Amino acid sequence: MAKQASKKKEPAEPVAAEEYIEVFGAREHNLKNIDISVPKNKLVVFTGVSGSGKSSLAFDTIYNEGQRRYMESFSAYARQFMGDMERPDVDKITGLSPVISIEQKTTNKNPRSTVGTVTEVYDFLRLLFARIGEAYSYNTGKKMVKFSEEEIVENIFAKFRNKKITLLAPLIRGRKGHYRELFEDIRKKGFLKVRVDGEVLDLTPKLQVDRYKIHDIEVVVDRLQVTDDMRVRLSQSVQQTLKMGKELMFLLINDLNKTVQYSKQLMCEDTGISYEEPSPNAFSFNSPYGACPTCKGLGNVYSISMEAVLPDKNLSVKEGGIAPLGEQRDAYLFRNVETIAKKNKINLDKPIKDLSPAAMNILLYGNADGGASLDIEDDPDAVVEPYEGEFEGIIPMLKRWFGGSNSTDVLREWVEKYMELKDCPTCKGDRLKLESLWFKVDEKNIAELSNMNLDKLFNWFDGVEKKLSNKQNTIAKDILKEIRERVGFLLDVGLTYLSLNRPSRSLSGGESQRIRLATQIGSQLQGITYILDEPSIGLHQRDNHQLIVALQNLRDIGNSVLVVEHDKDIMMAADHLVDIGPKAGVYGGNIVAAGTPKEVLKSNSDTAQYLNGKKSIAVPAERREGNGKQLELKGAQGNNLKNVDVKFPLGKLIVVSGVSGSGKSTLINETLYPILSKHCYGSRVTPMPFKSIKGLENIDKVIEIDQSPIGRTPRSNPATYCGFFTEIRTLFASIPEAKIRGYAAGRFSFNVKGGRCDVCEGGGMRVIEMNFLPDVYVHCEKCNGKRYNRETLEIRYKGKSISDVLNMTVDEACEFFQPINYLYRKIKVLQDVGLGYITLGQSAVTLSGGEAQRVKLATELSKKDTGKTFYILDEPTTGLHFQDIQHLLDVLNKLVDRGNSVLVIEHNLDVIKVADHIIDLGPEGGDGGGTILFEGVPEKMVNVTKSHTARFVKLELGM
């Protein structure tokens, strides 16, 4: 009967209330009091133009309500410590299950956080090495052995038969003290002799040693000859010696005056080196038991950069040839240098390059031989005492200031300009102490496995059982299963090219989001509502299928998966598609179409028209020829780049493409940009290794627009972020009435006392604390949300107060400020990137991801270009709808038409197909990438069989 009942449950229709998440009267941000039914246990995609209200519905309404309900399940006592969440502006939500949000925000910025620690794969790896790792001596490379008491006795008989021996139990190793009490305690136990620092002494009353010297002390447990009739006595003595020496004993061969070490711990027979029994902590770089003592587990240390200290050797010391010293002036440090120079007959007017090595050593290190006694690389956390005495040298001075306990943060930041991060000289960047790296599984240590790409790591684990003993397999069975599953989930979401030791702070938003997605799939939770924010960011078209399968797996185990997304493949794979719009901002916030993808395609929305082919981003009839000049980079070798030579033609729209992890960011962000930044601005950022670069004289300005978020405080807004609010305030201060009253530009700032409302302090809102209820935000009763006091608001320009200007949309502001060219030009850029609907004073916390990205883009584009400017954009289509991509391309094309060069790192096919020049890297990610597959126009790229990008470009171009 039970079996029949369970069979009937599968096809049975669930209760109607549980079929849908139903939202009634959603009004968050720009949502227009909408009602919507979202099917449960389905893959649901929310789409629409940027700023249409997708995130407002998915995150600010559905997710926030789920979180609020979870918080309400805690007691009032607990909630007072956590704070209460504000209820979203919605009438009612029914059918909502527990929610988990997987957003674009990057993972932990802690330098100790890695892919391995975030996914917990490294934790299982540590356990594996602690339980089945085989130890090897770091001196000889031979396998370590563990002796039992019986084996020690047998070994002594085998090696030292008929020899006279002394059994010593080590009590003190390498410590200071007089040890009078220790000697007395040993004597009372009946022992007669001890060995102190290699010398055997009688245990006499009141025996003590020099308390200020370091000592090794062993007690003499027994002296005997190794013969068969002494076997029992030897066995008993060995047992007692190991007990007193805490599983360690020394054997002194009297005739040879040679000491042999035995241990019940892991030990090297040749050298006597012993390791402690490994625990998982011994393989953790976040634990003092496993971390490298030099870098404290960070893998890198600060060291002085001589290039930064001596930037131009053609200058003399007085002219500022030693950068930290600066030019000649009446200061204590420079007077000290002049004194030491006079004493040692060093000419400070000579160029640095003409000074002798001995003279430079005196100036830099305080002595003619060079080198400094204090070494930050040896101990980054050293507490350095203030310096007193003769001239110490510039390098020791910098190190003292950097590591000193009395140094201020400002001073350390200043010194950091003359330092660089290098791999730790002790662990070579592996983060672990020497002993931990000599434990191996199948001849691989834990650092070697952590440095493997995930696909190679998975293959290594796939056949590892065949190389392990039966005992090891029995112990490791469950651990290996967990590691395989977790690494497999990471491969399923397209992260084949990452390694476990990759710092999490170096991951893009899309990579960190897919890591969290893989972690959630691995948790196998059911009945959850997952809400994801554009998980396809940074993912190549080739890998989209893997991501879609991962999302469907999450759905198939019994979860509702809600995705905010612009990607065509994910939209078409959805069970239910919701299109929000029709436009952005105040013109959006409505449900334009909802249903299966096929049903939505029949509608007339902008999204539907791009999906069904009625609208598309046009391919240019002709590609630009450029200005005939180029940058030529040779021998780029950073990360996975394989000695790459590449040319960047100037005066063109260049797109760098390739699968995730192929080396795009290494080539552009970590090699080319630092080179250009150093050339244009004298930046000290060190590029990845390369051989040479030509054509720098053709560039006089470089601007990088990366994916880092803008500041998101409630007081931050587009006007303040883009910088033109300062000019608006100056304009208001120049009005005759303002001059008569003596108002300066600061009067019109809502962050400065004087002009702002003194009740809300320029915030426009007041926070009413409700104790156990969420805080309530209400318009300030004095200024009614206008931020300023009455006197300030009386100053008007063309009938508008400063508050009225902040409440204008970008479109309105463009019209209002058109006669003022310097203001109009900056505001117009916001309109050009498709942000005409937002207000100048709109709080940054209400901007969507796509809007925030374009505000940042507009800020850079509003700056004057020189015609020789090189723009670098890293995936600017993040968060952009098809319609918004067209706006973006229009702006980028205008920049190129004015003679500038624009380089875009991008996966989006709409951007790739309109490029004047494509540089495609690959063919795979990680070690399988790092080579240039193609350079040229898109039409010629389609013939490159090795390129995954070419396959998709061919379809996009209809060839």
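Here the structure is a predicted model, which is why all the values come from computation and not from measurement. The analysis underlying the following values was restricted to heavy atoms, covering all of them including side chains, and did not include hydrogens, waters or symmetry mates.
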Colleague: Any idea which heavy atoms bring Ala291 and Lys296 closest together, and the distance?
Modeller: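 Residues Ala291 and Lys296, closest heavy atoms: CB-C, 3.9 Å.
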Colleague: Under 4.5 Å between any side-chain heavy atoms of Leu903 and Ile668, yes or no?
Modeller: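 They are in side-chain contact.
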Colleague: With a sphere of 6.0 Å drawn around NZ of Lys642, does it hold more than 12 non-hydrogen atoms of other residues, nucleotides or ligands?
Modeller: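 For Lys642, atom NZ is crowded (more than 12 foreign heavy atoms under 6.0 Å).
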Colleague: If you apply the rule salt bridge (charged side-chain N to carboxylate O under 4.0 Å, His left out), what do you find for Lys428 with Asp423, and how did you get there?
Modeller: CA-CA 6 Å; Lys428 306 294 187 290; Asp423 278 350; over 6 Å; no
Colleague: Are there over 12 heavy-atom neighbours, none belonging to Arg211, within less than 6.0 Å of that residue's CZ?
Modeller: no
Colleague: Using a 3.5 Å distance criterion without hydrogens, assess whether the side chain of Ser683 forms a donor-acceptor pair with backbone atoms of Ser677.
Modeller: no
Colleague: Quick one: does Asn445's side chain have a donor or acceptor within less than 3.5 Å of a partner on Leu437's backbone?
Modeller: yes
Colleague: Answer whether the closest heavy-atom distance between the side chains of Leu631 and Ile699 falls below 4.5 Å.
Modeller: yes
Colleague: How close do Leu641 and Ala636 get, counting heavy atoms only, and between which atoms?
Modeller: CB-O, 3.5 Å
Colleague: Of all heavy-atom pairs between Val441 and Trp460, which one has the smallest distance, and what is that distance?
Modeller: O-CZ2, 3.4 Å
Colleague: Walk me through it: do Glu327 and Lys318 pass the test salt bridge (charged side-chain N to carboxylate O under 4.0 Å, His left out)?
Modeller: CA-CA 5 Å; Glu327 295 180 8; Lys318 288 184 177 180; over 6 Å; no
Colleague: Are more than 12 heavy atoms from other residues, nucleotides or ligands located less than 6.0 Å from atom OH of Tyr681?
Modeller: yes
Colleague: Glu134 and salt bridge (charged side-chain N to carboxylate O under 4.0 Å, His left out): which single residue from Lys444, Lys440, Lys142, Lys143 fits?
Modeller: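 Only one option passes, and that is Lys143.
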Colleague: To the nearest 0.5 Å, what is the distance between CG (Asp455) and OG1 (Thr496)?
Modeller: 5.0 Å
Colleague: Look only at the side chain of Asp197 and the backbone of Asp216, and say whether a donor-acceptor pair between them is shorter than 3.5 Å.
Modeller: yes
Colleague: Quick one: does Ser137's side chain have a donor or acceptor within less than 3.5 Å of a partner on Met144's backbone?
Modeller: no
Colleague: Apply side-chain contact (heavy atoms from CB on, under 4.5 Å) to the pair Asp123 and Glu120, showing each step before the final yes or no.
Modeller: CA-CA 5 Å; Asp123 296 332; Glu120 298 178 358; 3.8 Å; yes
Colleague: Using the rule given for side-chain contact (heavy atoms from CB on, under 4.5 Å), can you reason through Ser305 versus Met419, listing the C-alpha separation, both sets of side-chain angles and the distance that settles it, and then say yes or no?
Modeller: CA-CA 5 Å; Ser305 168; Met419 307 191 87; 5.9 Å; no
Colleague: Can you confirm whether Arg516 sits close enough to Ser512 that some side-chain heavy atom of one is under 4.5 Å from a side-chain heavy atom of the other?
Modeller: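 Contact flag for Arg516/Ser512 side chains = yes.
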Colleague: With ring centroids as reference points, do Phe439 and Phe129 lie under 6.0 angstrom apart?
Modeller: no
Colleague: Run the numbers on Thr259 and Arg195 for side-chain contact (heavy atoms from CB on, under 4.5 Å), then give the verdict.
Modeller: CA-CA 12 Å; Thr259 303; Arg195 188 171 76 157; 3.4 Å; yes
Colleague: Roughly how far apart are Glu670 CD and Met688 CE, rounded to 0.5 Å?
Modeller: 4.0 Å
Colleague: I'd like to know if the side chain of Ser113 and the backbone of Asn110 have a donor-acceptor N/O pair within less than 3.5 Å.
Modeller: no
Colleague: Answer yes or no: are there more than 12 heavy-atom neighbours, outside Glu448 itself, under 6.0 Å from its atom CD?
Modeller: yes
Colleague: For the residue pair Gly925 and Val659, what are the closest heavy atoms and their distance?
Modeller: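 Closest approach of Gly925 to Val659: N-CG2, 3.6 Å.
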Colleague: Could you walk me through whether Arg484 and Glu482 pass the salt bridge (charged side-chain N to carboxylate O under 4.0 Å, His left out) test, one step at a time?
Modeller: CA-CA 6 Å; Arg484 281 200 196 97; Glu482 285 286 347; over 6 Å; no
Colleague: Verify whether one side chain among Asn501 and Ser499 offers a donor that lies under 3.5 Å from an acceptor in the other.
Modeller: yes
Colleague: Could you grab the distance from atom CD1 of Ile362 to atom CD1 of Ile346, nearest 0.5 Å is fine?
Modeller: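 The CD1 atom of Ile362 sits 4.5 Å away from the CD1 atom of Ile346.
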Colleague: Rounded to the nearest 0.5 Å, what's the gap from NZ on Lys691 to CD1 on Ile693? Could you check?
Modeller: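 Those atoms lie 15.0 Å apart.
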Colleague: Is the backbone N or O of Tyr673 less than 3.5 Å from a side-chain atom of Lys678, with the two atoms forming a donor-acceptor pair by type?
Modeller: no
Colleague: Under the side chain to side chain donor-acceptor pair (under 3.5 Å) criterion, do Glu416 and Tyr302 qualify, and how do the steps go?
Modeller: CA-CA 8 Å; Glu416 204 171 307; Tyr302 277 102; 3.2 Å; yes
Colleague: With a 4.5 Å heavy-atom cut-off, do Leu348 and Gln328 have their side chains touching?
Modeller: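 Leu348 vs Gln328: side chains apart.
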Colleague: Heavy-atom distance under 4.5 Å between the side chains of Cys427 and Thr294, does that happen here?
Modeller: no
Colleague: Could you tell me whether the side chain of Asn453 and the main chain of Lys456 form a donor-acceptor pair under 3.5 Å?
Modeller: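 Side chain of Asn453 to backbone of Lys456: no pair is present.
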Colleague: In terms of side-chain geometry, is the basic nitrogen of Asp442 or Lys467 positioned less than 4.0 Å from the acidic oxygen of its partner?
Modeller: yes
Colleague: Is there side-chain contact between Leu454 and Tyr497, with at least one heavy-atom pair below 4.5 Å?
Modeller: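 No, their side chains stay 4.5 Å or more apart.
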Colleague: Please confirm whether the backbone N or O of Gly538 pairs with a side-chain atom of Glu875, one donor and one acceptor, at under 3.5 Å?
Modeller: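 Yes: the side chain of Glu875 pairs with the backbone of Gly538.
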Colleague: What's the verdict on side-chain contact (heavy atoms from CB on, under 4.5 Å) for Cys424 and Asn300, showing C-alpha distance, side-chain angles and the deciding distance?
Modeller: CA-CA 4 Å; Cys424 171; Asn300 46 48; 5.8 Å; no
Colleague: Between Tyr122 and Phe285, does the ring centroid distance fall short of 6.0 Å?
Modeller: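 Yes, close enough.
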Colleague: Quick one, Tyr138 and Glu435 - any side-chain contact, counting heavy atoms below 4.5 Å?
Modeller: yes
Colleague: Rounded to the nearest 0.5 Å, what separation is found between the CG atom of Leu498 and the OG atom of Ser504?
Modeller: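 OG of Ser504 is found 11.0 Å from CG of Leu498.
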Colleague: Which pair of non-hydrogen atoms, one from Pro311 and one from Gly321, has the smallest distance, and what is that distance?
Modeller: CD-O, 3.7 Å
Colleague: If only atom types and distance count, is the side chain of Tyr365 paired as donor or acceptor with the main-chain N or O of Met360 below 3.5 Å?
Modeller: no
Colleague: With a 4.5 Å cut-off on side-chain heavy atoms, are Glu924 and Ser662 touching?
Modeller: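 With C-beta onward as the side chain, the pair stays apart.
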Colleague: Hey, which of Leu310, Asp312, Leu315, Asn314 is the one that makes side chain to side chain contact (heavy atoms under 4.5 Å, CB included) with Lys353?
Modeller: Asn314
Colleague: State the CG-CG distance between Asn669 and Asp874, to the nearest 0.5 angstrom.
Modeller: 5.0 Å
Colleague: Go through the side-chain N and O atoms of Tyr262 and Glu247 and say whether any donor and acceptor fall under 3.5 Å apart.
Modeller: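 Short answer, no.
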Colleague: Can you name the nearest heavy-atom pair linking Lys664 to Gly658, along with the distance?
Modeller: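 The pair with the smallest heavy-atom distance is NZ-O, 3.1 Å.
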Colleague: Determine yes or no for a side-chain-to-main-chain donor-acceptor pair under 3.5 angstrom, with Ser436 supplying the side chain and Leu432 the backbone.
Modeller: no
Colleague: Would you check if there is a donor-acceptor pair between the side chains of Ser506 and Arg502 at a distance under 3.5 Å?
Modeller: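 Short answer, yes.
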